[in-house]
Amino acid sequence: MKYGLYPGCSYRGTAREFGESIDATCSALNLDVKELEDWVCCGASSAHNTSHLLATVLPLHTLISAREAGFEKLLAPCIACAWRLKTAIKEIETDEKLRMKAEKVIGKKYEGGIDVFNIVEFFTKEIKLEKIKKAVKKPLKDLRVVCYYGCMLTRPPKIANFDVVEDPRSLDNIMKILGAESLDWPYKTECCGVSFALSRTDVVIKLCHDLLEEIKKLEVDMVVVACPLCQTNLDTRQKEIEKKYNTKYGIPIVYFTQLMGLALGKTPEDVGLKRLTVNPFPVLKKKGIL
């Protein structure tokens, strides 16, 4: 099966290690994933605050390009990108006037026939855990983690249609088949402040502090995430939070694909481990994973 990749703005930019680890993991599983050449920004949070039509036209352009390139399945690793693409599909399939307006702007018709996956959905629903488990070369033995899903991975449920909204398990299931101990905790779907990182840093600092305080009580080795904004807020802001609240965490915030890549035999360089702000090397070496 050939899969199209919609990298979005973060894959080779602010979340470069996320992109590198996805490339490495797909390579380890021998998956045929090719980047879509003619893609444009999905609009993320800014377009639909400006124009409903613009918020539809941007993802629709990419969906039409994907079908023209021969892809029936499209991987969109960033949760925001995946939901914008899925929202566009749902709206143009139920609103004929909107579809006609959007097609007029683009100058092409949308023929349908394409499935969009977020990165967790891709590995759990499309590739399947059994295939991943069989490919494990270096189990994450003795590694204690908590999976942080954030507020978007399962919401809005009518668009996401993925996992259990308030108590998701998909990331935990991936960690368990890789050999890690994944602990349950009540804050897994709480918000980190997402894109308020630029406009209301104080809100992000407070929300991330509350999350890190709960995580600290669990005495885990690291936090596993799937969203570039969650990772950035919890990782790069951690020292700032420690200073403001006069505390100490030092908790690595890693993408689940980085741990997948390591478990599947890839190197720390392959999965971009050095790009993280809070150093994950000491604990991974202590556990015998590196």
Side-chain angles (χ1 to χ4, degrees), residues 15-31 77 119-120 122-124 127-150 168-185 187-188 211-228 230-239 242 247-290:
R16 189 172 168 185
E17 65 275 21
F18 191 27
E20 290 171 338
S21 63
I22 292 171
D23 290 342
T25 301
C26 289
S27 170
L29 293 169
N30 295 314
L31 303 179
I119 189 65
V120 184
F122 179 69
F123 284 121
T124 54
I127 304 305
K128 309 291 186 188
L129 295 181
E130 292 80 6
K131 179 180 176 71
I132 298 168
K133 187 175 182 178
K134 288 178 182 176
V136 172
K137 295 179 178 177
K138 198 164 189 177
L140 307 177
K141 190 179 177 183
D142 296 330
L143 190 69
R144 283 168 54 91
V145 303
V146 287
C147 295
Y148 175 53
Y149 296 78
R169 301 282 179 175
S170 50
L171 277 176
D172 295 89
N173 291 336
I174 292 175
M175 287 301 107
K176 288 174 183 175
I177 63 157
L178 297 179
E181 181 184 1
S182 187
L183 278 64
D184 197 14
W185 68 308
Y187 279 52
K188 61 171 72 172
L211 287 167
L212 289 166
E213 279 294 299
E214 291 301 315
I215 292 165
K216 185 178 181 179
K217 295 175 185 173
L218 299 170
E219 298 182 345
V220 295
D221 297 310
M222 53 184 58
V223 179
V224 176
V225 298
C227 170
C230 294
Q231 199 282 334
T232 299
N233 285 341
L234 287 168
D235 184 32
T236 63
R237 299 274 182 197
Q238 203 169 131
K239 282 195 176 297
E242 288 175 343
T247 185
K248 181 68 178 175
Y249 301 117
I251 304 171
I253 314 295
V254 303
Y255 288 105
F256 80 99
T257 43
Q258 291 181 300
L259 292 181
M260 276 185 74
L262 293 176
L264 298 180
K266 293 297 181 179
T267 69
E269 291 74 23
D270 292 333
V271 300
L273 219 55
K274 286 186 177 179
R275 299 189 192 284
L276 301 177
T277 301
V278 180
N279 187 358
F281 281 81
V283 67
L284 290 172
K285 287 180 178 176
K286 183 179 178 182
K287 301 290 179 177
I289 296 168
L290 297 183

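Scope of the values below: all heavy atoms of this structure, side chains included, with no hydrogens, waters or symmetry mates. We number each residue from 1, following the sequence as shown.
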Decide if atom [atom1] of [X] counts as having more than 12 heavy atoms of other residues, nucleotides or ligands within a radius under 6.0 Å.
X: Lys216; atom1: NZ; value: yes
X: Glu269; atom1: CD; value: yes
X: Lys287; atom1: NZ; value: yes

Chi angles and distances behind the side-chain contact (heavy atoms from CB on, under 4.5 Å) call for Asp184, Arg169: CA-CA 9 Å; Asp184 197 14; Arg169 301 282 179 175; 3.6 Å; yes

Contact summary for [X] and [Y], nearest pair of heavy atoms:
X: Pro168; Y: Asp172; value: O-OD1, 3.8 Å
X: Ile251; Y: Met222; value: CG2-CA, 4.1 Å
X: Lys138; Y: Gly288; value: CE-O, 3.7 Å
X: Pro268; Y: Leu262; value: N-CD2, 3.9 Å
X: Cys230; Y: Gly150; value: SG-CA, 4.1 Å
X: Tyr148; Y: Lys188; value: CD1-O, 3.4 Å

Backbone N or O of [Y] within a donor-acceptor pair of the [X] side chain at under 3.5 Å?
X: Arg16; Y: Gly272; result: no
X: Asp221; Y: Val145; result: no
X: Gln258; Y: Ser21; result: no
X: Glu242; Y: Tyr249; result: yes
X: Tyr187; Y: Ile215; result: no
X: Asp23; Y: Glu20; result: no

Could you tell me the separation between the [atom1] atom of [X] and the [atom2] atom of [Y], rounded to the nearest 0.5 Å?
X: Lys286; Y: Leu284; atom1: NZ; atom2: CG; value: 12.0 Å
X: Thr232; Y: Phe18; atom1: OG1; atom2: CZ; value: 11.0 Å
X: Leu143; Y: Ser182; atom1: CG; atom2: OG; value: 10.0 Å
X: Leu129; Y: Ile177; atom1: CG; atom2: CD1; value: 4.5 Å
X: Phe281; Y: Leu276; atom1: CZ; atom2: CG; value: 8.0 Å
X: Phe256; Y: Ile174; atom1: CZ; atom2: CD1; value: 5.0 Å

Distance-only side-chain donor-acceptor flag, Asn173 / Ser170, under 3.5 Å: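 No.
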
Between [Y] and [X], is there a side-chain heavy-atom distance shorter than 4.5 Å?
X: Ile253; Y: Gln238; value: yes
X: Val136; Y: Leu264; value: yes
X: Gln231; Y: Thr277; value: no
X: Phe122; Y: Ile22; value: no
X: Met260; Y: Leu178; value: yes
X: Phe123; Y: Thr257; value: yes
X: Leu290; Y: Leu273; value: yes

Basic-acidic side-chain contact under 4.0 Å: Glu214, Lys217: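 Between Lys217 and Glu214 there is a salt bridge, with a charged N closer than 4.0 Å to a carboxylate O.
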
